[in-house]
Amino acid sequence: MIGHAVDRVDGPLKATGRAVYAYEHWEAGPPLYGFIVGATIGKGRITRIDTEEAERAPDVHLVMTHLNAPAQGPRDESVSFEYWRAQPELTGPEIHYYGEPVALVVAGTLEQARAAADLVEVEYSTGRGRFDFTEFEDDVYIPKVVNAGIPTDTEVGDFDAGFDDAEVKLDQHYTTPYEFSLPIEPNACLAEPRGEDLVVYVSSQIVNAAQVSVATTLRMDPERVHAVAPFVGGGFGSKLGIHSETILAALAARTLRRPVKVAMTRQQVFQLVGMRPTSRQRVRLGAERDGRLTAIAHDVTMHTNPDVEYAEQTAATTRSLYAAPHRLTSHRLAALDLPRGTDVRAPGEAPGMLAVESAMDELAHALGLDPVELRIRNEPTVDPERNVPYSERRLVDCLREGARRFGWEHRPVTPASVRDGRWLVGYGMSAAIRGHFQGPTTVRVRLEADGTAVVRTDMTDIGTGTYTILTQVAAEGLGLPLEQVRIELGHSDLPTSWGSGGSWGATNSCTATHRACLALRAELLEAACGDARSPLHGLDPADAVFSDGSVGIGGASETLGGIVARSRPDGVEAEGRVRYMGDEPNYSDYSINTYGAHFAEVGVDADTAEIRLRRMLGVFSVGRVLNPKTTRSQLIGGMIWGVGAALEEEAVVDPRSGAFVNRDLAGYLVPVHADITDVDAVVLDGYDDKANVLGAKGVGELGICGAGASVANAVFNATGVRVRDFPVTIEKVLPGLPPMAA
C-alpha cells in the first residue's frame with residue numbers, strides 16, 4: 001500500500017460537510033459566543049476602560065478585561081519550544097502591539113457579542129512605538145540561537161580573505177516583506193468545562209502543545225485539559241502554538257461554567273496570530289572565472305517582538321547548499337512594537353532562498369554561465385559546514401531532469417530578447433533544499449477480534465492527508481485491506497506526537513505506526529505459532545507473510561481476526577515510537593535534507609509590466625514517496641505559494657500606529673486560479689535509509705523553497721530588470737523596461 005496514489009480516506013467526510021472542525025462541535029449543546037476587542041493603538045497603556053454599557057447589552061454574560069481576568073501562569077522562557085509555553089492574555093493595562101486583546105465580550109449569539117464589543121469604551125495613553133523596520137534595522141542585537149535551536153552564526157575558513165581574492169564578486173541586498181499563513185479556517189476554539197476538567201476543541205497543529213499551553217496558562221493539571229482537533233483547516237505554521245482566541249475561550253468557559261466559543265475574524269488573524277518577519281539580507285558571492293565559488297556569505301537582519309523573541313533561520317539553508325571553502329552566515333534582530341514573528345510555511349528557507357537563489361542567478365549572468373551549470377559546478381561532496389556526508393543528495397539529478405523536461409535549452413540567453421506578441425518572455429530557475437526533522441512521537445495500533453486495526457495518536461491532519469497515509473502504512477504493515485483500518489487522530493487522550501509542522505508529521509507518525517505494526521505482528525505470531533489450536537502451530541515465524549487479512553507460513557494460514565478472537569478476545573495492541581532527532585546518531589553523522597529544482601516561464605507585458613506566470617515545473621527528491629497523489633498536491637501548493645511570495649504577498653505597516661493596512665484578502669494579495677496555469681511537480685524515486693526505516697522524508701514545505709526565486713529570475717530574463725525588493729510588482733519593473741518595449 002505504501003507508494004500507491006490512494007484517494008483520501010477522509011475525502012467523503014469533507015466533501016459532504018461531515019468533517020467537524022474546532023468551531024463546529026456541539027457535544028455540549030448550544031454554547032455562548034465570545035468576541036475579542038482589540039487595542040486601537042500600537043504602544044502605550046490603558047488609562048480607562050468602561051464596560052458598563054456593553055454589560056447591559058442584550059444577553060451579554062461577561063465582559064472580561066485586565067481588571068477582572070483570572071490570574072494566569074507567566075510565559076516561561078526556559079521552556080525550549082514556544083508552542084508549549086503559557087500564553088497569558090488580559091494581564092495588565094500595557095499595550096504591546098496594535099490589535100492586542102483588551103477585552104472579551106461573551107453573549108448568547110455571535111451578533112450580540114460583536115455588537116456589545118463596540119460598546120466597550122477604552123482610553124489610552126499613547127507611547128512612541130517602534131513600527132518602521134527601515135528606521136530601526138541598524139539597531140540590532142544577536143540572538144543566542146535562531147528557530148529550532150539552530151546556531152545564530154557560522155564561519156568556516158576566512159571569508160574576508162576569500163572574498164577579497166575572488167576573481168568575480170557579487171555583493172547585493174535583498175528585502176522580503178511581512179507575510180502571513182492565512183489558512184482557510186481562521187483560528188478558533190470552543191472551550192467546554194466538565195467538572196474540574198476542561199475540553200478545548202481547538203484548531204491546532206500540535207495537540208500536546210495546545211494541551212500543555214492551556215493548562216500552564218490556566219494553572220491546571222495538564223491531565224485535566226483535553227485538547228481535541230480531529231480536523232484542522234490548514235495551518236502552515238500559524239497553528240503550531242495556540243493564540244488568544246483559545247486562552248480567552250478557556251478563561252471565559254471556566255468563569256461562566258458554560259461552553260464558550262471564540263473565532264477570530266480574518267482581520268483579527270492579521271493582527272493577533274503573528275507573521276513571517278520582514279528581512280533585509282546581504283548576500284556576497286566570490287567565484288573563479290569558471291563559476292566555482294570560493295566564498296559565500298549570507299547576513300540577515302529581521303524584525304522581532306521585544307517581549308517574545310522569534311528569529312527565523314533565514315541564513316541556515318545557505319550552510320548546506322553549495323560548496324565554497326570560505327563561508328559566513330549570521331542573523332540579527334531589530335525589536336519592533338509589532339506582533340511576534342511566527343513560523344510561516346518553510347520558515348527560514350522560503351525568504352532565505354529568495355535572496356540566495358536570486359544572487360546565484362545574478363552571478364550566472366555576470367559570468368555568462370548557464371544558471372543550471374553554475375549550480376552543478378558548485379555541488380559539494382560533503383556538507384560544507386558540518387563536514388559530514390549527505391544521507392541522500394540528488395540535487396544535480398533534480399536540476400538535470402528538470403532542465404530536460406522543461407526545455408531549458410530554449411532559454412533566452414540574452415535578457416529581454418524574446419517576444420510573443422505584446423509579451424516579453426523569460427525563463428528562470430532555482431535550486432531547492434530543506435532540512436529533514438524528527439520529533440518524539442508515539443502511535444498505538446490495536447487489532448480487534450473482527451480483524452479491524454485501529455491506529456491511535458494525537459497527530460493532526462491539517463489537510464495534508466494524514467488519515468490516508470497512516471491507513472496505508474498500517475494496511476501494509478499488517479497485511480490488511482484499507483477498509484479494515486481505522487485511524488483516530490487529534491485528541492490529547494491519545495498517545496503523544498509532535499503533530500503536523502516542519503514537514504516532520506508524516507514521517508514521524510508513519511515511522512511510529514510501522515514500528516507498532518512490527519511489534520503487533522510479533523505478538524500475533526507468538527500467539528499463533530505457540531498455540532496447538534492454530535494451523536500455524538510449530539511453524540517458523542520468520543517465514544510468515546501477512547496478506548489479505550491473514551498470516552501464512554508455507555501452505556498454512558490463519559486470519560488475523562481468528563488469532564485475536566482465540567488468544568486475545570479483548571484485542572491486542574502494541575506501540576511504536578520515534579525519538580527526538582538529537583537522540584538519533586544519524587542526525588549528527590549525516591546531513592539529511594530534501595532537494596528540488598524549480599523552472600518557470602513568465603510573460604511580462606511590454607507596455608504595462610504586468611507579469612503572468614505561463615508555466616512552472618518542479619522536480620524533487622524526498623526519499624521514498626508514501627502517497628504520490630498527496631505528495632504532488634503538497635508540492636504544487638508550495639510552488640504556488642512561492643509564486644505569491646515572488647509577485648504578490650506583502651503586508652504593509654502603518655508607521656504611525658503599527659497596524660497592518662491591508663489586513664484582509666482584498667488588500668493582501670495571494671495567487672488565485674487566474675494567476676496559475678500550467679504547474680507540475682515531479683518526484684524522483686528514492687529511499688533515504690538514514691532518515692528513518694521507511695526511507696521517507698518531509699514534503700510539505702519543500703515546494704515553496706526556492707520557488708519564488710525561479711519566478712523572479714524569469715522576470716529578469718524577460719525584461720533585464722532585476723528586482724531585489726520583494727515582491728516583484730509592476731511599479732518596480734515598469735521604469736526599467738527596455739526602450740524597444742515602450
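What you see is a predicted model, and the numbers here were worked out from it, not measured in a lab.
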Qualifying side-chain hydrogen bond (donor to acceptor under 3.5 Å, both in side chains) pairs, either residue in residues 703-717, two or more places apart: Asn713-Arg722

Check: Glu137 side chain, Ala334 main-chain N or O, donor-acceptor pair, under 3.5 Å: no

Check: Arg8 and Ser633 side chains under 4.5 Å, non-hydrogen atoms: yes

Flag side-chain contact, heavy atom, 4.5 Å: Val388 against Asp589: no

Considering all heavy atoms, the nearest Ala506-Leu626 contact: CB-CD1, 4.3 Å

Within-4.5 Å side-chain heavy-atom neighbours: Leu613 and Ile676: yes

Aromatic contact, Tyr178 with His303 (centres under 6.0 Å): yes

Side-chain heavy atoms of Pro177 within contact of Glu649, under 4.5 Å: no

Heavy-atom pair with the smallest gap, counting every atom of Thr175 and Arg280: CG2-NH1, 3.8 Å

Distance (rounded to the nearest 0.5 Å) between Ile640 CD1 and Leu635 CG: 11.0 Å

SB check Arg612 Asp675 (cutoff 4.0 Å): yes

Gap separating the OG atom of Ser391 from the CG atom of Asp688, nearest 0.5 angstrom: 3.5 Å

The single option from Val622, Ile592, Asn593 passing side-chain contact (heavy atoms from CB on, under 4.5 Å) against His436: Ile592

Worked verdict on Tyr174 versus His298 for ring pair (Phe, Tyr, Trp, His ring centres under 6.0 Å): CA-CA 11 Å; Tyr174 305 85; His298 189 183; 8.7 Å; no

Trace of the salt bridge (Lys or Arg N to Asp or Glu O under 4.0 Å) decision for Arg375 with Glu357: CA-CA 10 Å; Arg375 288 162 173 82; Glu357 288 301 284; 2.8 Å; yes

Residues in ring-ring contact (aromatic ring centres under 6.0 Å, His included) contact with Tyr427, at least two apart in sequence or another chain: Phe406

Donor + acceptor pair across side chains of Gln313, Asn147 (<3.5 Å): yes

Ring centres under 6.0 angstrom apart (Phe180, Phe236): no

Side-chain ion pair, Asp607 and Arg422, N-O less than 4.0 Å: no

Ser503 and Glu701: CA distance, side-chain angles, deciding distance, side-chain hydrogen bond (donor to acceptor under 3.5 Å, both in side chains) verdict: CA-CA 6 Å; Ser503 298; Glu701 292 163 288; 2.9 Å; yes

Side-chain H-bond candidate by donor/acceptor type, Asp343 with Tyr310, under 3.5 Å: yes

Ion pair Arg327/Glu385, N-O distance below 4.0 Å: yes

Salt bridge (charged side-chain N to carboxylate O under 4.0 Å, His left out) contacts in which one or both residues fall within residues 281-303, not counting sequence neighbours: Asp171-Arg282, Arg284-Asp299, Asp290-Arg292

Taking every non-hydrogen atom, the tightest pair across Gly235 and Pro183: N-CB, 3.8 Å

Salt bridge present between Glu362 and Arg724 (N-O < 4.0 angstrom): yes

Pair Arg614 + Asp420: basic N to acidic O under 4.0 Å: yes

Ionic contact status for Asp164 with Lys169, cut-off 4.0 Å: no

Gln205-Ser500 side chain donor-acceptor pair, cut-off 3.5 Å: no

Any side-chain heavy-atom pair of Phe163 and His326 under 4.5 Å: no

Backbone N/O of Ser320 and side chain of Asp383: donor-acceptor pair under 3.5 Å: no

Least distance between heavy atoms, Ile730 atom then Thr608 atom: CG2-O, 3.2 Å

Rounded distance (nearest 0.5 Å) linking atom SG of Cys510 with atom CG of Leu694: 6.5 Å

Check: His331 ring centre within less than 6.0 Å of Tyr141 ring centre: no

Non-hydrogen side-chain atoms of Leu182 and Tyr668 separated by less than 4.5 Å: yes

Approximate separation, where rounding is to 0.5 Å, of Trp408 CH2 and Leu399 CG: 10.5 Å

Arg340 side-chain N/O to Met275 backbone N/O, donor-acceptor pair under 3.5 Å: no

Which atom of Gly428 lies closest to which atom of Ala714, heavy atoms considered: N-CB, 3.4 Å

Distance-only donor-acceptor check, side chains Thr507 and Asn692, under 3.5 Å: no

Test log, rule salt bridge (Lys or Arg N to Asp or Glu O under 4.0 Å), inputs Arg404 and Glu409: CA-CA 8 Å; Arg404 184 188 69 80; Glu409 69 272 14; over 6 Å; no

Exercise: do Ser279 and Thr314 side chains pair donor with acceptor under 3.5 Å: no

Whether Thr294 side chain and Gly286 backbone form a donor-acceptor pair below 3.5 Å: yes

Pair listing, ring-ring contact (aromatic ring centres under 6.0 Å, His included) test, anchored in residues 339-392, at least two apart: His365-Phe716

Within 6.0 Å of CG in Asp678, more than 12 heavy atoms from elsewhere: yes

Least distance between heavy atoms, Ser588 atom then Arg386 atom: O-NH2, 3.1 Å

Pairwise side-chain contact, Arg624 with Ile2, heavy-atom cut-off 4.5 Å (strictly under): yes

Any Ile433 side-chain heavy atom under 4.5 Å of Leu702 side chain: no

Sequence neighbours excluded, every pair satisfying salt bridge (charged side-chain N to carboxylate O under 4.0 Å, His left out) that has a member inside residues 148-157: Asp153-Arg332

Do any side-chain atoms of residues 345-355 form donor-acceptor pairs under 3.5 angstrom with protein atoms, and if so which ones, sequence neighbours left out?
| residue | atom | partner | partner atom | Å |
| --- | --- | --- | --- | --- |
| Arg345 | NE | Gly700 | O | 3.2 |
| Arg345 | NH2 | Gln634 | O | 3.4 |
| Arg345 | NH2 | Gln634 | OE1 | 3.3 |
| Arg345 | NH2 | Gly700 | O | 2.8 |

Thr154 and Thr329: side chain donor to acceptor below 3.5 Å: yes

Residue pair Tyr595, Asp397: steps toward the side-chain hydrogen bond (donor to acceptor under 3.5 Å, both in side chains) verdict: CA-CA 10 Å; Tyr595 304 93; Asp397 292 340; over 6 Å; no

Separation of Phe131 CZ from Asp654 CG (nearest 0.5 Å): 9.0 Å

Step-by-step salt bridge (Lys or Arg N to Asp or Glu O under 4.0 Å) determination, Glu401 to Arg405: CA-CA 6 Å; Glu401 181 65 12; Arg405 288 174 178 258; 2.7 Å; yes

